[in-house]
Amino acid sequence: MTPLARPNPVVQRLPLSAHRSWQPVDGLADPASYTQGALALRYPLAAGIETDPYSKALVVVPHATRSAGQPTAEAWAVTFIQAVVEVIASDRPLTQLIRWTSRLVYADIAGRRRVVARHRTTAGVRASRQQVATVRVCQPTSRSAEVAARITFSGRSRAIAARLDYENDRWLCTAICFG
């Protein structure tokens, strides 16, 4: 095998009973099927798929000081970026991000979610899920943070950059850029 050649992945179809039906992009067909609230990290799926956003490849690089009682930007950034990735992939409801984003960021994420849903085939089964691989956080001040994240999916990488501001005792994403 040459260094550039990769073996074809083996994709197995799940039985129809294990498939999760996709919810409408901008609304929920069955709101009771989701854990509502402020960015729930674990929620039940009918197919029994693991929903804990843990990645063995995750690297968090801490930086800067913070005010007393203020949650760390690093831990929150990891959770937030994974949630954004799951929302865009329609694995998590969009409404869970409303408290943690500005109006412009929320609208941008909603638009990206619609584009991804339009390109997804109804019969298609994803072989793997997107994962947050690395997160770098830089805090120029104690009340602001800049986040750079690398997302992996099927052997490819993408980037997300975000600006977080600490307002009203919580981190709020005020800008986001997808690469």
Side-chain angles (χ1 to χ4, degrees), residues 14 18-55 58 60 69-126 128-133 135 137 143-153 158-179:
L14 294 173
H19 285 258
R20 182 176 154 236
S21 62
W22 291 100
Q23 301 295 332
V25 174
D26 290 326
L28 301 175
D30 181 16
S33 67
Y34 288 108
T35 301
Q36 292 299 319
L39 202 56
L41 283 181
R42 295 182 185 191
Y43 51 95
L45 288 178
I49 297 171
E50 181 62 44
T51 59
D52 189 8
Y54 174 75
S55 172
L58 181 65
V60 179
Q70 179 181 353
T72 64
E74 292 85 7
W76 194 84
V78 170
T79 303
F80 176 74
I81 295 294
Q82 183 66 41
V84 166
V85 168
E86 291 173 1
V87 164
I88 291 172
S90 297
D91 290 337
R92 177 185 293 272
L94 176 64
T95 55
Q96 288 187 351
L97 295 180
I98 199 163
R99 184 172 190 261
W100 310 107
T101 58
S102 68
R103 288 182 182 179
L104 291 174
V105 170
Y106 188 81
D108 187 15
I109 293 170
R112 286 184 181 278
R113 179 181 172 142
R114 278 192 295 275
V115 168
V116 169
R118 253 195 319 259
H119 291 354
R120 182 181 298 123
T121 61
T122 55
V125 177
R126 289 181 287 171
S128 63
R129 297 177 74 186
Q130 295 186 22
Q131 289 289 324
V132 177
V135 175
V137 178
R143 301 188 66 78
S144 65
E146 296 168 350
V147 179
R150 184 174 62 92
I151 312 302
T152 59
F153 178 69
R158 306 248 5 203
I160 297 178
R163 165 73 182 214
L164 308 177
D165 291 315
Y166 193 72
E167 300 175 4
N168 301 326
D169 297 329
R170 64 188 164 129
W171 287 105
L172 182 74
C173 181
T174 55
I176 196 162
C177 181
F178 298 87

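- Rounded to the nearest 0.5 Å, atoms CZ (F80) and CD1 (I176) are 5.0 Å apart.
- A search for salt bridge (charged side-chain N to carboxylate O under 4.0 Å, His left out) contacts involving R163 returns E146, D165, not counting sequence neighbours.
- Residues E74 and V78 form no side-chain contact, since every pair of their non-hydrogen atoms from C-beta on lies 4.5 Å or further apart.
- For the atom pair OH (Y166) and CG (L164), the distance works out to 12.5 Å, reported to the nearest 0.5 Å.
- Within a 6.0 Å sphere centred on CZ of R170, heavy atoms belonging to other residues, nucleotides or ligands number more than 12.
- Residues satisfying the side chain to side chain contact (heavy atoms under 4.5 Å, CB included) criterion with I98, sequence neighbours excluded, are Y106.
- The closest side-chain heavy-atom distance from I109 to I88 is below 4.5 Å.
- Minimum interatomic distance between S102 and L172 (heavy atoms only, all atoms of both residues): N-CD1, 4.0 Å.
- Rounding to the nearest 0.5 angstrom, the gap separating the CD1 atom in I151 from the CD1 atom in I160 is 4.0 Å.
- Between A145 and V137, the shortest heavy-atom distance links the atoms CB-CG1, 4.1 Å.
- Here W171 contributes atom CH2 and R99 contributes atom CZ; the two are 14.5 Å apart, rounded to the nearest 0.5 Å.
- For the atom pair OG of S144 and CD of E167, the computed distance is 10.5 Å after rounding to the nearest 0.5 Å.
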- Please lay out, stage by stage, how W100 and V84 fare under the test side chain to side chain contact (heavy atoms under 4.5 Å, CB included). CA-CA 11 Å; W100 310 107; V84 166; over 6 Å; no
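- Scanning both residues, Q82 and Q130, for their nearest heavy atoms gives NE2-O, 3.7 Å.
- Across all non-hydrogen atoms, the minimal contact from S90 to R113 is OG-NE, 3.7 Å.
- With rounding to the nearest 0.5 Å, the separation of OG1 in T101 from CG in D108 is 10.0 Å.
- Scanning all heavy atoms of the two residues, the minimum distance from I81 to A162 falls at CD1-CB, 4.5 Å.
- Between V87 and Q96, the closest side-chain pair of non-hydrogen atoms is not below 4.5 Å.
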